[in-house]
2 protein chains.
Amino acid sequence: MTEKKENILSAALELFAQEGFKSTSTSKLAAQAGVSEGLIFRHFKSKEGLLKALMDLGEERLEYIFADIITESDPQEVINKALTALKTVAADPEQAHFWKLQYKLKWETETYDDSKVEPIKVALTNAFEKLGYSYPEKEAQLILILMDGMVTKLFLSQNFDINETVDILIEKYKE
Amino acid sequence: MTEKKENILSAALELFAQEGFKSTSTSKLAAQAGVSEGLIFRHFKSKEGLLKALMDLGEERLEYIFADIITESDPQEVINKALTALKTVAADPEQAHFWKLQYKLKWETETYDDSKVEPIKVALTNAFEKLGYSYPEKEAQLILILMDGMVTKLFLSQNFDINETVDILIEKYKE
DNA sequence: AATAAGTAAGTGAGTACTTACAAATAATAA
DNA sequence: TTATTATTTGTAAGTACTCACTTACTTATT
């Protein structure tokens, strides 16, 4: 991986997450990365190819975050970790960009790809079951809905305190 | 309002909500509406102007839905109605398109405009206060987060049963 | 000598928008 | 009513510009 190729990737992450995929032109991208426009196509073949490369990197990050939640054995901790993950993501600008890009693309292309969050849902369902909840799968679904809602507020609302909200939720789920 | 002007508006609602604002070209839009491309600019001056006209129509619908919630005096019913509103929207294809467009644009332009939902938040805060909750404003915020999450799942996830989810939530808030 | 990394200057297709003009409708005058 | 003017509604054919992508070529690395 050459330096210029890395520059393209990080410029793409920033611009796609900020302006959206369709709205980011390859010429603007090349300018931001400090390379010629042609180099983008040399390395990634097409604009879509660049996006794919970026998404593959994002998936690695996602799996890293998820691994910690899935391997947790204490059911209460599974819920805590799932919720706290959002705080971690929000605190790191680069991770935040990856998540923002994920959601922007969801809405731009209208593909949710439930399979990616499926392991988390399973882990949450098991956790709620161990804790004696009546409808563990519905409870897990509710957590995922809350996460989508918090991500929406996190990236689109100005006055949203994710840390406070997550803490309130953790407190609620302690009962 | 001539028939062709209405055709432009309904074609724009459908295409903007489906493909996004940026991705919908005025030529494609004119073809779908069955008019010449120039007529769009005669009536709405620009593509942005057309979007604005569409959003103004959407705001009327939104206020109509919100009015019923805000004027409700029974606190429990305020919560029920806020949640049930999503079922109503989901059931009517045209209303669903308006909401989908709202959220697509939120993510495309990154402006949330909290002011629009502010009246609902106030109504919910008052409701939770009357019901004796400790942190009524936080509870109201949580409902709004849930609504954002459900909208996300509603439009982007294939296997999401909004009616069931809303019913579960209403049941939860009965305690 | 061969391959990879890089660029400058294109290319055709599509973009939002304009212009010049025709047809329909409304307003006014006889 | 009818004739005439004015205004609105509509279109076809452009315009300048931007887009993703290509080509032909040079420079660096193996």
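Since the model is a prediction, treat every value here as computed from it, not as a measurement. Note: hydrogens, waters and symmetry copies are ignored here, and every other heavy atom, side chains too, is used. Chain letters run A, B, ... following the sequence lines, proteins first, then strands; residues in each count from 1.
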Whole-Å distance between D:dG10 C1' and B:N7 CG?
13 Å
Residue mapping more 5' on DNA chain C - nearest nucleotide basis, B:K22 or A:G38
A:G38
Whole-Å distance separating the CD1 atom of B:I40 from the P atom of D:dT11
10 Å
Please table the atom pairs, donor to acceptor, closer than 3.5 Å between any side-chain atom in residues 136-148 of chain A and protein atoms at least two apart or in another chain.
from   : atom 1 : to     : atom 2 : distance (Å)
A:K138 : NZ     : B:E164 : OE1    : 3.4
A:K138 : NZ     : B:E164 : OE2    : 2.9
A:E139 : OE1    : B:K172 : NZ     : 3.3
A:E139 : OE2    : B:K172 : NZ     : 3.1
A:D148 : OD1    : A:Y103 : OH     : 2.3
A:D148 : OD1    : A:Y112 : OH     : 3.0
A:D148 : OD2    : A:Y112 : OH     : 2.3
A:D148 : OD2    : B:K153 : NZ     : 2.8

Without decimals, in angstroms, what is the distance between A:L39 CG and D:dT26 P?
18 Å
Test log, rule salt bridge (Lys or Arg N to Asp or Glu O under 4.0 Å), inputs A:K104 and B:E110
CA-CA 10 Å; A:K104 276 219 161 172; B:E110 281 188 43; 2.7 Å; yes
Is any side-chain nitrogen or oxygen of B:K4 closer than 4.0 Å to OP1 or OP2 of D:dT11?
yes
Roughly how far apart are B:L105 CG and B:L51 CG, rounded to 0.5 Å?
5.5 Å
Below 4.0 Å from chain B heavy atoms, what is the first contacting nucleotide of DNA chain C and what is the last?
C:dT15 to C:dT18
Evaluate the criterion side chain to side chain contact (heavy atoms under 4.5 Å, CB included) for residue pair B:V89 and B:V151; output intermediate values, then yes/no.
CA-CA 10 Å; B:V89 167; B:V151 168; over 6 Å; no
Nearest-Å distance, CG (A:L29) to P (D:dT18)?
17 Å
Looking across every strand, which nucleic acid part, if any, lies under 4.0 Å from A:T24 by heavy atom: base, sugar-phosphate, or nothing?
sugar-phosphate
Just checking B:T26: base, sugar-phosphate only, or nothing, at a heavy-atom cut-off of under 4.0 Å?
base
Ring of B:F21, cation from B:K47 - is the NZ or CZ under 6.0 Å from the centre and inside 45° of the axis?
yes
Nucleotide D:dC21, atom P - distance to CZ of A:F41 in whole Å
5 Å
Distance, rounded to the nearest Å, where B:I8 contributes CD1 and D:dG10 contributes C1':
10 Å
Examine B:Y173 together with B:F128 and report whether their ring centres are nearer than 6.0 Å.
yes
Examine the side chains of A:S27 and A:E37 and answer whether a donor and an acceptor come within less than 3.5 Å of each other.
no
Under 4.0 Å: is that the gap between some side-chain N or O of A:S27 and OP1 or OP2 of D:dT18?
no
Rounded interatomic separation in angstrom, taking NZ from A:K47 and P from D:dT22
15 Å
For the pair made of CZ in B:F44 and P in D:dG10, what is the distance, rounded to whole Å?
11 Å
When B:K5 and B:E37 are each assigned the nearest nucleotide of DNA chain D, the 5'-most assignment goes to B:K5
